[in-house]
Every structure is written in structure tokens, then in C-alpha cells.
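See structure below.
Counting starts at 1 for both ligands and their atoms, following the listed order.
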Amino acid sequence: MRFALRLNLLLALLALGLALTLSAVAVSVTDRAVEDRARDRLRREIDFLAEQIEPRLGEAGPLAELVRRASRLLGARVTVIATDGRVLDDSDVPRSEVAGMENHAGRPEVVAARAAGYGTAIRHSATLETDLLYLARALGPGRSHAPVLRMAIRLGDLRQVESQYEWILRGAVFAACALLVLVGGVAVARLARPIRDVTDAALAVARGDLSREAPERGPAEILELSSALSRMKSSLLESVARVEREHRLSEAVFETLPDGVTVIDAQYRVIDANRSFRAMTGTPDPAGRPLVEILRDRALFGPFEEAIARRAPTDAVVRRENEVTWQLAVRPLPPGSRAVAVGILRDVTAFERNEAMRRRFVADVSHELRTPVSSIAAAAETLTETEPDDPEAPRLVELVRRQARRMRELIDDLTDLSLIESGEVALSPEKVDLRALAGETAEELRATARSRDVSIRIESSEGVAVEGDRRRLGQILRNLLDNAVKFSPAGGTVRIRIDRVGRKPSLVVEDDGPGIPLAEQDRIFQRFYQVDRSRSKVRPGTGLGLAIVKHLAQLHGAEVTVASRPGQGSAFRVTFGRDAAEKEA
Ligand code: ADP
């Protein structure tokens, strides 16, 4: 039941109780007052009448006349009782019947009058069928044996008058109480409205309407409640904002993780998955879908089943098509939520490839070293058994020297490459004129070229310069030129062309050698890669030269490309980022 209604009902009950009590008290008080007044009047009348009657006690005639006249005038019953209790006369009884009246000595008012001078009683008169108020008075001095004068009035008559006043009184009391209820009702309504308002505001907030303000009017207690509600609301808003912020943060972290992450429920359905997972599995909207449909691979789905069944972390490495390798880690989640496990997919293709490359590299190095080492060992063995003047001896010594040089070259190239790759090479940049550099490098290789009957020609525009490390740029050019001379046929020509492509300085080393098949052109820049190993028997190399060229070019912000067709020669082009003059500008 509503608070206001309860208060109003309580107030009404109180008012009713009050009205009833008050009117009962009022009625009894008026009753008493009326009776007291009546008694008082009777007493004065009886005293007056006693004076008249006393001298006529012995004379029956005049006594009767006086009794009846007094009764008429005073509107009361008048009875005179003799010493022995016999009724001498009674105004309400015909004279002839007086003698036959009952003895009145025992009437309580008579007994009391004889004892104390006056006696009073209220009694129902069967004769008159009404309540009568009796007042008796002893006549004469000898009180206990004196005759008694008694007067009686009908209480009914009195009460009739009195009841009119009583109704007015009751009316007044009830009106006052009704007014009380009315005023109380208004007060309750005024008190209840702010409570109602605060309650409405609280209910609105509970429903999620956080814009609803708590009322700012009403008694102090309500204002306090209001401000408590406001504080509660703002701390709620703060908490909601904080939770939202945290949620957004974890959402952002989840979304941007480079690994594919998915959370699944006990039915193996996807609850959530991040961008990487969606991209890796090629599923734009995986939420709610069965995981098995998304992964479509027993090797990927199995670890999920295993992790959930065993409630233990499960890891797997899964090889996919196109040499792609995924690492999968499934972790069961603690019970208490819909999510039972999280799966993390990582693309480890690059890592695996690096690992494979490392393994291949070690194998390649061992392989490359094995040939010269075996040759040296065999030559040394033969030498020990050969006489010093044996004509074979100098050839063997030369073989040992050649193989040792080859090993040193290989080791130098390897050391250089690993230095360059690890980024530990410090460049000392300066302005390098490419034409001058080409001239110097060509000069270094001129003797070798001549021994192979290969000529080197330089075609260069004026003043093409780059900002770079002179020694390293020389190394690039030397490697390219060395290859070109090495692969040129006898009588061939190697051209070094220096010009600009757009505004970018460019250096081309061109030969008319055997060329490189298109399919191999990418791979020749890899370590140890040689197009045709049988060729290197004639022109031994390490297979590291172009790898060094590529890395050195990268360090200079330059790009190396090859244009070649089998049987039609090759052209290696180094294109620099910008001219040294531009850099200066
Ligand atoms: P190498 O020490 O074997 O020359 P490089 O890394 O310099 O190692 O070259 C890798 C391979 O690329 C060579 O083995 C060769 O097969 C091919 N190659 C390089 N330059 C030329 C060229 N000018 N003409 C033909 N093939 C070339």
C-alpha cells in the first residue's frame, strides 16, 4: 500500500478514535453537569419547600394542597414521608391511593437523608417508565427519625434538552476531527510528493535513464535523500564510463593483436574473434558460427577439442598450403563464464623460413668449404709422398695456394656479408663521382679482363655523383664488374654506363655473356645461389657477391635490378635514391 494512503488511513483512524473518545467524554461531562445543575436546583427548591411544608406536617388537607401546588409550579414530583416511612402524600399519586403506597423508609435517598441530612439517587421508575432523579431532605432536627421531604424530576426531560447540546458538541468534535484529517491529508500529500518525485527519479535511474535529475525541492530529509541519489547516480555514471573505457581499451588491444585470437563456448561456437583471426581464416563475421566450419582443418580443430577435454593448454604447429605455417595455442578458460577456451593463431611462416634458411646456410657454408679443404688435404697428402724435384710438385703447391685463396675469399665474403646484414657496418659518406669510381675499379680489373680477352668500356654522362661510402660503393661496382668479366666470352666487351633515370643517378654493368634465365633472376641475390654450379667450376665464385651487392645498395638507399635473357647477356642496374648535388641543395 502506498505510503501516503497508509498515512491518510492512519490519520483517519486516529481522528475517528479521537472523535469518539472526545464525544464520549463530552457527553458524560455534560450529563454530569446537567445532573449536578439539576441536583443543585432541586436542593434549593427542596430547602425552600421544606420551610413551607414543615409547619403543615400535621394537617393533611393543607399539606396535600401545598404538595400538589408546589409540584405543579416546580415541575417536580413531591413526596412527603413520615417518620416511620409511610407516605404522607405524593403529588403524582391521587390522594385516595396515597395510603396504599409502599413504605419508603428503605429508599436509598431516604436512608441517606436520614443519615446525612440530604440524600440523592437516580432510579428507573416503572410507573413513569423513565429515569428519575431523587433528592430527599430530612425535616426537623431529629434527623434519623425525622420525616423526609423528597423531590424528583424526570431525567428524561433533562436529557432531551441536554441531547441537543450533545449533538452540537458531537458535531463540533467530528468537524474538528474531519478538519484534522483534511489538514493532515494535505500535509501528507505535500510530504509524499517529494518522496514520490525522488522515488520516480530513482526508478528512472534504475531503468537506465541516467539523464533523470533528482528533485531539488522538499523537506531537509528528502533533499538529503535527493543528493544521496544524485551522488549515487554520478558514481554510477563514473563506473559505467570507467567500465566502458576499460572495455574499449581491451577491445582495441584484442582487435589490434598481431596474432589471431578467438574465444569459443562449450558448443565450439565462436563468441568473439579479432581482426587477425578473421583475416587469417578469411571469415569476415565468425561470431556465433561453429569453429569447425571456420577452420575446416582437423589439425587446427583437434587441439581445441583436446584442450577442452583435458582442461589443459594444448599447442600445435600446423602446416597449411602454400608453405604457410601456423602455430596454434589453445588455453582453457576458468569456469564461470560462457567462454570455455581461447585459441591463439600465429603465422610463423617467416620464422620457419628463417630457420630453414639458417639451416641451409650452415649446410651451404660446410659444403662450400668442403671442396677446397678436401683438395688441400689430398694435395698435401700427395706432396708428402712426392720427391721435391718431382715435376708434379709445383702444380700441387699451386693447387694448395689456389684453394687456400678461395677459402680466404669465401671467409672474407662471409664475414663481410654477416657484418653488412647485422647492420654493424659504419658508412663514411662523402660525395662520390661515379665516373671516377668506375675508372678506378675498371683499372683494378683490367689485368684479369685482359687475361680473358675481355675489354671494359665506360660510357658516362658528366658529373653524376652520389652521397655514399667510397670503399663500399667500389665494392658494389667491383663485384658486378667481376661477374661481368667472369661470365663474358673471350673477345667480349663489358660496358659500364653511368647516367640518370629521371633525376636518379644510375649505374649499369652490362656484358654479352650467357645471361640468366628469368626464373632465376630473383634468386641470384640470395646467399650461395649460383645459377649453374657447373659453370662455377670454370669460373669459381662464392655465390655471395650479389648478396653483398644487394645489402650494400640497400644501405645506400639504392636498388639493384637485373635485366637479362639467356644467350643475350645481362645488365645489372643500381639506381640511387638521389643525386649528391640534390642532397647538398
Ligand atoms: P658468384 O661468386 O657465384 O659469382 P654471385 O652472388 O656474384 O656469386 O652471383 C650469383 C650467381 O648469379 C652466379 O653464380 C651466376 O650464376 C649468376 N650471375 C651473376 N652475374 C652474372 C652475369 N653477369 N652473367 C651471368 N650470370 C651471372
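- The closest non-hydrogen atom to atom 14 (O) of ligand 1, taken over Q521, Q530, K550, comes from Q530.
- The part of I516 lying near ligand 1 is the side chain, judged by heavy-atom distances below 4.0 Å.
- Below 3.5 Å of separation, one finds an N or O of G543 facing an N or O of ligand 1.
- Between F525 and ligand 1 there is no heavy-atom distance shorter than 4.0 Å.
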_For R478 and E444: C-alpha separation, side-chain torsions, deciding distance, then whether salt bridge (charged side-chain N to carboxylate O under 4.0 Å, His left out) applies._
CA-CA 9 Å; R478 199 174 314 108; E444 281 174 39; 2.8 Å; yes
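- Aromatic ring pairs are classed by plane angle as parallel below 30°, tilted from 30° to 60° and perpendicular above 60°; the pair F525 and F572 is perpendicular.
- For the residue pair R231/S227, the side-chain donor-acceptor check at 3.5 Å is satisfied.
- Remark: ligand 1 atoms within the under-4.0 Å shell around heavy atoms of K486 are 1 (P), 2 (O), 4 (O).
- The pair E409-R406 does not count as a salt bridge, with every side-chain nitrogen at least 4.0 angstrom from each carboxylate oxygen.
- A side-chain donor-acceptor contact under 3.5 Å links R573 and S506.
- A salt bridge links R320 with D297: the distance from a Lys NZ or Arg NE/NH1/NH2 to an Asp or Glu carboxylate oxygen falls below 4.0 Å.
- A side-chain donor from one of Q475 and D416 sits under 3.5 Å from a side-chain acceptor of the other.
- Comparing D512, D511, L480 against atom 23 (N) of ligand 1, the shortest heavy-atom distance belongs to D511.
- For the pair G513 and ligand 1, no heavy-atom separation below 4.0 Å is found.
- Proximity of L544 to ligand 1, defined as any heavy-atom pair under 4.0 Å, is confined to the backbone N, CA, C and O atoms.
- Closest to atom 24 (N) of ligand 1 by heavy atom, among A484, S570, P514, is S570.
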